[in-house]
Amino acid sequence: MKTSVDVKLKEYDLKLLEKDYDRISIFVEDTKKLDSICSRIDKVTKGSISRAISSTEFEKKSCGDVLTISFPGALSTEYLDLVKWSKSGKPNDARKAGVNLAKKSNHDNILICGSIQKMSEDVIKGYLLRRYEFSDYKNIKNTGTGSVTLMLKRPKDFAKSLSEIRAQVDGVFFTRNLVNEPANILSTVEFSKRLKKLSDLGVSVEILEEKKLEELGMNALLGVGQGSANPSKVVVMSWKGASESIKPLVLVGKGVVFDTGGISLKPAGGMEDMTMDMGGAGVVAGTMLCLAKRKAKANVIGLVGLVENMPSSTAQRPGDIVKSMKGDTIEVINTDAEGRLVLSDVLWYAQEQFKPAGIIDLATLTGAIIVGLGYENAGVFSNDDEFCNSFLKAAGNENEGAWRMPLGPAYDKKLKSRLADMKNVGGRDAGAITAAQFIKRFIKKDMPWIHLDIAGVAHTKSESTYAPSGATGWGVMSLNRLVSDEFEEK
Ligand code: BES
Ligand code: ZN
Ligand code: ZN
């Protein structure tokens, strides 16, 4: 299982430059004025830095880009990475620098000569996030055990920030590891076992089995899983970091461990990607791990609905009518629109049980959101402008794409059923919005709610901002920031 690389903090010491790190990274200002580190290296490498930074190649680079010098003169390091930097550099430029360095240093021991504290936080965060590879099933693994040393003026001041960053990166990696797992390994049973381990960090974890779900009347959720040999489960993870009296923030995730479409079977091409249909549950799990690791002073409850959507003689049929826990009946027109059925019951249970201050659901819900927003932004739907804007701000600060989408009664009308209170699909047009309208029917009046359709951002074929191809862990950092901005006891 992939965990983040070791980070050593070292006091500013020019002698470190002579140690045999595989790579040394230094920041060079675009003013071309060399600081003490750059001057020292320039001297021992007979002016290589001065020459490199006056090159057109360096000129063309932007803030956070890297130019590499191989086997630099008298230094014992193999590579010298020059990071172009500017005084007006933004946190995202620093993260980009970290990402660029990580892409170059797969299994190396590297020294990063840090600059100002705040910028170094973003550099190391970008670096750790990008130094990820899921190679559990490869006999020949690509990654070694390399480490990173960060040289700073005041390393002691950095220790607290580093542990916060590590909590976030560990949360993101937990999500990525879950999302990258194949469905023959990550069954509903295995998923719940991995969540149970969060109790080692002080999260209380309760697993609701099928019998209990039947008693609760979660027939919408159970209908999705009834064709699978793997039992359906709801897992409740509670982190109580604030006073008992403070209402919790509730996170709910779609955890379809594999989505064949059921009897409304998906086409074969690309069906293997549906191992990631538990992405919402993965983000909820990663966020809970992050909050617990950094001991957030907040009350947050994460719930995931774990089911497998399979076609079989016991599977739900198109045309079946199920009664949800809320009591509303649903005509299942298409068994491939299963995520909303799972969420409807878990959302209702969460509101009845925990009386939350606000509720956020995450789901790889529709192909339609990918048609609309591609792989750059998650679709954000909400009934509460203030809550929604807080989330959008948090996502913006974490550089995780999120774009608000509309809701409205005209879309809701499309869910009208001839036989039941509603049907589970609203037609091809505005598919992501009608899915959100369906979920909204299970949100109580006045409950602040955000629905995140993460079908495009949970997993990408090409590399994303912070991750190589595959699972991204999108959302863990934004939700963590939302919690620290809005839900923590000061
Ligand atoms: N899990 C899919 C949505 C999805 C598609 C996630 C692509 C990630 C990538 C979801 O359960 C689904 O099949 N949705 C259908 C809904 C339709 C039947 C109304 C879809 O989007 O086609
Ligand atoms: Zn589906
Ligand atoms: Zn699905």
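Note that ligands are numbered from 1 as they come in the structure, with each ligand's atoms numbered from 1 the same way.
Nearest protein neighbour of atom 22 (O) of ligand 1, counting heavy atoms only, is Gly367 N, 4.4 Å. Given atom 19 (C) of ligand 1, the protein heavy atom at minimum distance is Val425 CG1, 3.5 Å. Considering only non-hydrogen protein atoms, atom 18 (C) of ligand 1 sits nearest to Asn334 ND2, 3.4 Å. Looking only at protein heavy atoms, the nearest one to atom 15 (C) of ligand 1 is Asp336 O, 4.1 Å. At the shortest separation from atom 7 (C) of ligand 1 among protein heavy atoms lies Met274 CE, 3.7 Å. When hydrogens are left out, the protein atom nearest atom 10 (C) of ligand 1 is Leu365 O, 3.2 Å; that is the closest non-hydrogen contact.
Inter-residue side-chain proximity for Pro356 and Met447 is flagged as met; some heavy-atom pair is nearer than 4.5 Å. Val257 has its side chain out of reach of Val307: every pair of non-hydrogen atoms, C-beta onward, lies at least 4.5 Å apart.
For the pair Lys444 and Trp348, the cation-pi test (distance below 6.0 Å, angle within 45°) is passed. The cationic atom of Arg176 (NZ for Lys, CZ for Arg) does not lie both less than 6.0 Å from the six-membered ring centre of Phe134 and within 45° of the ring axis.
The local environment of CD in Glu386 is sparse, with at most 12 non-hydrogen atoms from other residues, nucleotides or ligands closer than 6.0 Å. Within 6.0 Å of NZ on Lys297 lie no more than 12 heavy atoms contributed by other residues, nucleotides or ligands. By the neighbour-count criterion of 12 heavy atoms within 6.0 Å, atom NZ of Lys212 is sparsely surrounded, having that number or fewer from other residues, nucleotides or ligands. By the 6.0 Å contact criterion, CD on Glu209 is enclosed, its count of non-hydrogen atoms from other residues, nucleotides or ligands being greater than 12. Other residues, nucleotides and ligands contribute over 12 non-hydrogen atoms within 6.0 Å of the CZ atom of Phe354.
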Exercise. Carefully, step by step, assess Glu331 and Lys416 under the rule salt bridge (charged side-chain N to carboxylate O under 4.0 Å, His left out).
Key: CA-CA 10 Å; Glu331 185 184 5; Lys416 207 168 154 27; over 6 Å; no

Practice problem: Verify side chain to side chain contact (heavy atoms under 4.5 Å, CB included) between Leu208 and Tyr349, making sure each step is shown before the conclusion. | Solution: CA-CA 11 Å; Leu208 310 181; Tyr349 174 77; 3.7 Å; yes

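Proximity of Ile370 to ligand 1 is established by a heavy-atom distance of less than 4.0 Å. Residue contact annotation: Met276 has a non-hydrogen atom under 4.0 Å from ligand 1. The closest approach between Met278 and ligand 1 stays at or above 4.0 Å for every heavy atom of the residue.
Inspection of the environment of the Zn ion (ligand 3) yields the following protein N, O or S atoms under 2.8 Å: Lys254 NZ, Asp259 OD2, Asp277 OD2, Glu338 OE2.
Between Asp65 and the options Lys104, Lys60, Lys96, Lys84, a salt bridge (Lys or Arg N to Asp or Glu O under 4.0 Å) holds for only Lys96.
When non-hydrogen atoms are compared, ligand 1 lies under 4.0 Å from the side chain of Asp259 (C-beta onward) but not from its backbone. Neither the backbone nor the side chain of His459 has any atom closer than 4.0 Å to an atom of ligand 1 (non-hydrogen atoms only).
Short contacts between ligand 1 and Glu338, defined as distances under 4.0 Å to a heavy atom of the residue, involve ligand atoms 11 (O). Interface of Lys254 with ligand 1, defined as ligand atoms under 4.0 Å from a residue heavy atom, comprises 1 (N), 10 (C), 11 (O). Numbered from 1 in the order shown, with element, the atoms of ligand 1 that lie under 4.0 Å from a heavy atom of Lys266 read 2 (C), 12 (C), 13 (O).
Looking at ligand 1, you won't find any N or O of Thr366 less than 3.5 Å from one of its N or O atoms. Looking at Arg340 next to ligand 1, no N or O pair under 3.5 Å apart turns up.
Side chain to side chain, Glu463 and Ser469 fail the donor-acceptor criterion of an N or O pair below 3.5 Å. For the 3.5 Å distance criterion, the side chains of Glu398 and Tyr466 fail to qualify, holding no donor opposite an acceptor.
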